[in-house]
Student: 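One structure follows; several queries about it will come next.
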Number of protein chains: 2
Amino acid sequence: MFKELNGTDEDDMNAPQAIVKHGRKFDQVLDGARKVFMRDGFEGASVDDIVREAGVSKATLYSYFPDKRLLFLEVAKIECQSQSDDAIAEIASSDDVRYALTTAAKRMTRFFMSDVGLQVHRIIVGESQRFPEIGREFYESGPARVHAILRQFLQKGVDAGKLEIEDIDLAADQFPELCKAGLHLKMVLGLRDTPSDAEIDRVIEGAVDVFLCKYERRHR
Amino acid sequence: MFKELNGTDEDDMNAPQAIVKHGRKFDQVLDGARKVFMRDGFEGASVDDIVREAGVSKATLYSYFPDKRLLFLEVAKIECQSQSDDAIAEIASSDDVRYALTTAAKRMTRFFMSDVGLQVHRIIVGESQRFPEIGREFYESGPARVHAILRQFLQKGVDAGKLEIEDIDLAADQFPELCKAGLHLKMVLGLRDTPSDAEIDRVIEGAVDVFLCKYERRHR
DNA sequence: TTGAACATAAACTGTCCAGTTCAGTTTTTT
DNA sequence: AAAAAACTGAACTGGACAGTTTATGTTCAA
């Protein structure tokens, strides 16, 4: 992705970023930007704040990134990737369906409720109007991957005769929603503090209960 | 709400707004602001746009509202109220639990997916950092009321022996989440167009199925 | 019909901030 | 060590925009 407009393709084989140029202090810039964007949002973050935080001159920043928007997109992309990467990993590790779902749900939910997870969510939602591509980027690298993995897991359960699901896509959409019950919106709006692990566990247990009550194959 | 800080309580009995002053063109201002805020978001909307849209002078606007933030808060408050008012109304009208849930869910969900509903959601989420009170205002007048009504409905079902629920608050949180499955986030991020009624009905049916499978009392 | 309250247009102030420029310094390469 | 490339800091530009002021016009109640 982001390959489209890349006229000057400096390093052929391993171009992790395009459009943006690299240099010695590239990572400093990215780290500073990440910190400030996550703290203040897109509008709230000034480029001067970022260069101060990054310990870099403004000219350097602008030698890497053509504008603030692209810098933000880069940061957001990285956050989104790290999200789904450590949030799901291997769900299929157990053949006890309930246990596997519970474990995956806990990891996922703890990320949803983390400071970074919430702030990414806030910014993406708030800016998705202004930057439509950021909404897609986020969706593809987060929710869509969760959906795909869950879908595959559920299909396996069906094939093994453990689950009974007519509409797997719907089910794969329902489960993550159930995991948010009551907590997520309140957190996003800043109406409560981080739930304890016990609280999350209770919600997850409820989610798995409801989910499996419907979809677990009746053993007779 | 918003009564707390009202030092100068001009009209005693019927003070629909406080802090803000009234005048002939008050509604014009509010309508224009509503339109522009809903189109462009808080940051994206300039006061000059609003007065142009409202057909009113800037000075007039500032004679009603001390600043842009309060104007936005007023508009948001009105939107939030209208939200829950037409979104839920009377759920308890039927004693067929499945039918009542389905009907209420359809109304609720259609609002979630409407342009206004989505835009309010986007703006509130995006600005809840900057204006913490707006998050609470929104939550109280929307989701919290849904929760309360649903809670009451479920309790009635339990009392009547139709439902069997250990944790009613959790259940009342789960149901609205189930109704969003797959659709809401995609809509918020602008990744798909408004779902057809049929599509919404399918999701709702799935939500009610899952929900009642767990919580409907087994009749034997 | 007069005067008080309301409204107007337009220019103005002050601030904030993205992005640029450039002369000079440091680092890397050869 | 010399040349090339990367980086710096600080000042500057230009534009956007919230909020104010002023001088003038309109409405309506008494």
Side-chain angles (χ1 to χ4, degrees), chain A residues 5 8-11 17 19-76 123 126-127 129-131 134, chain B residues 8 10-11 17 19-76 123 126-127 129-131 134:
Chain A
L5 294 175
T8 62
D9 206 344
E10 33 242 318
D11 20 44
Q17 281 83 13
I19 295 178
V20 300
K21 212 194 58 186
H22 280 90
R24 264 187 287 135
K25 311 208 166 175
F26 191 83
D27 288 347
Q28 276 179 61
V29 171
L30 229 46
D31 286 350
R34 197 183 70 85
K35 183 164 175 193
V36 178
F37 278 136
M38 289 303 128
R39 191 185 59 212
D40 302 337
F42 177 77
E43 290 289 345
S46 84
V47 175
D48 290 281
D49 286 350
I50 292 172
V51 300
R52 202 176 311 121
E53 183 66 42
V56 138
S57 79
K58 217 172 173 178
T60 300
L61 184 151
Y62 277 103
S63 84
Y64 296 157
F65 297 94
D67 59 28
K68 186 187 175 187
R69 192 177 132 277
L70 256 329
L71 172 58
F72 176 63
L73 241 43
E74 196 63 38
V75 169
I123 299 178
E127 303 298 331
Q129 294 254 285
R130 215 185 305 256
F131 311 151
I134 215 184
Chain B
T8 62
E10 34 242 317
D11 19 47
Q17 281 80 14
I19 298 178
V20 301
K21 213 192 60 185
H22 279 90
R24 267 188 284 134
K25 311 210 165 176
F26 190 83
D27 288 348
Q28 275 180 61
V29 172
L30 228 46
D31 286 351
R34 197 183 70 84
K35 183 164 174 192
V36 178
F37 279 136
M38 289 303 127
R39 192 186 58 213
D40 301 337
F42 178 76
E43 290 290 345
S46 84
V47 175
D48 291 280
D49 286 350
I50 292 173
V51 301
R52 201 177 310 120
E53 183 66 42
V56 137
S57 79
K58 215 172 173 180
T60 300
L61 185 151
Y62 277 104
S63 81
Y64 295 158
F65 296 94
D67 60 27
K68 186 187 176 188
R69 192 176 132 277
L70 256 329
L71 171 58
F72 176 63
L73 242 43
E74 196 64 38
V75 170
I123 299 178
E127 303 298 331
Q129 294 253 286
R130 216 184 304 254
F131 311 150
I134 214 185

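So that the names make sense, note that chain A is the first sequence line, chain B the second, and so on, each numbered from 1. What you see below is based on every heavy atom in this structure, not just the backbone, and it leaves out hydrogens, waters and symmetry mates.
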Student: Tell me: CZ of A/R69 to P of C/dG19, nearest whole Å?
Tutor: 10 Å
Student: If the condition is salt bridge (Lys or Arg N to Asp or Glu O under 4.0 Å), which residues does A/K58 pass it with, not counting sequence neighbours?
Tutor: A/D48
Student: Starting at atom CG of B/D67, determine the distance to atom C1' of D/dA18, rounded to an integer number of angstrom.
Tutor: 9 Å
Student: Can you sort out the partners of A/T60 under side-chain hydrogen bond (donor to acceptor under 3.5 Å, both in side chains), two or more places apart, ordered by chain and number?
Tutor: A/S57
Student: How does protein contact run along nucleotides 22-30 of chain C, one letter per nucleotide 5' to 3', with B for base contact, S for sugar-phosphate only, - for none, heavy atoms under 4.0 Å?
Tutor: -----SS--
Student: Nearest to the side chain of A/K68 - C/dG19, C/dA7, D/dC7?
Tutor: C/dG19
Student: Please output the side-chain donor-acceptor pairs of residues 25-35 of chain B that fall under 3.5 Å, not counting sequence neighbours, one pair per line with the distance.
Tutor:
residue: B/R34; atom: NH1; partner: B/E79; partner atom: OE2; Å: 3.3
residue: B/K35; atom: NZ; partner: B/E53; partner atom: OE2; Å: 3.1

Student: Figure out the CZ/P separation between B/F26 and C/dC6, and round it to whole Å.
Tutor: 13 Å
Student: CZ of B/F65 versus P of D/dT20: gap in Å, rounded?
Tutor: 15 Å
Student: Could you give me the CA-CA distance, side-chain angles and deciding distance for B/V47 and B/L71, then say whether side chain to side chain contact (heavy atoms under 4.5 Å, CB included) is met?
Tutor: CA-CA 10 Å; B/V47 175; B/L71 171 58; over 6 Å; no
Student: Which atom pairs, one a donor and one an acceptor, fall under 3.5 Å between side chains of residues 36-43 of chain B and the rest of the protein, sequence neighbours left out?
Tutor:
residue: B/E43; atom: OE2; partner: B/R130; partner atom: NH1; Å: 3.2
residue: B/E43; atom: OE2; partner: B/R130; partner atom: NH2; Å: 3.2

Student: Applying salt bridge (charged side-chain N to carboxylate O under 4.0 Å, His left out), which residue pairs with at least one partner in residues 62-71 of chain B are found, sequence neighbours left out?
Tutor: B/R69-B/E133
Student: Measure from OH on B/Y62 to P on C/dA7 and round the result to the nearest Å.
Tutor: 17 Å
Student: For D/dA6, take OP1 and OP2 only and decide whether either is under 4.0 Å from a side-chain N or O of A/Y64.
Tutor: no
Student: Short of 4.0 Å, heavy atom to strand atom, which residues of residues 34-58 of chain B count as contacting DNA chain D?
Tutor: B/A45, B/S46, B/V47, B/K58
Student: Round to the nearest Å and state the distance from B/L61 atom CG to C/dC6 atom C1'.
Tutor: 15 Å
Student: Does a side-chain heavy-atom distance below 4.5 Å link A/Y64 with A/H22?
Tutor: no
Student: Rounded to the nearest 0.5 Å, what separation is found between the CG atom of A/L73 and the CD1 atom of A/I134?
Tutor: 5.0 Å
Student: For B/R52, what residues pass the side-chain hydrogen bond (donor to acceptor under 3.5 Å, both in side chains) criterion, not counting sequence neighbours?
Tutor: B/D49
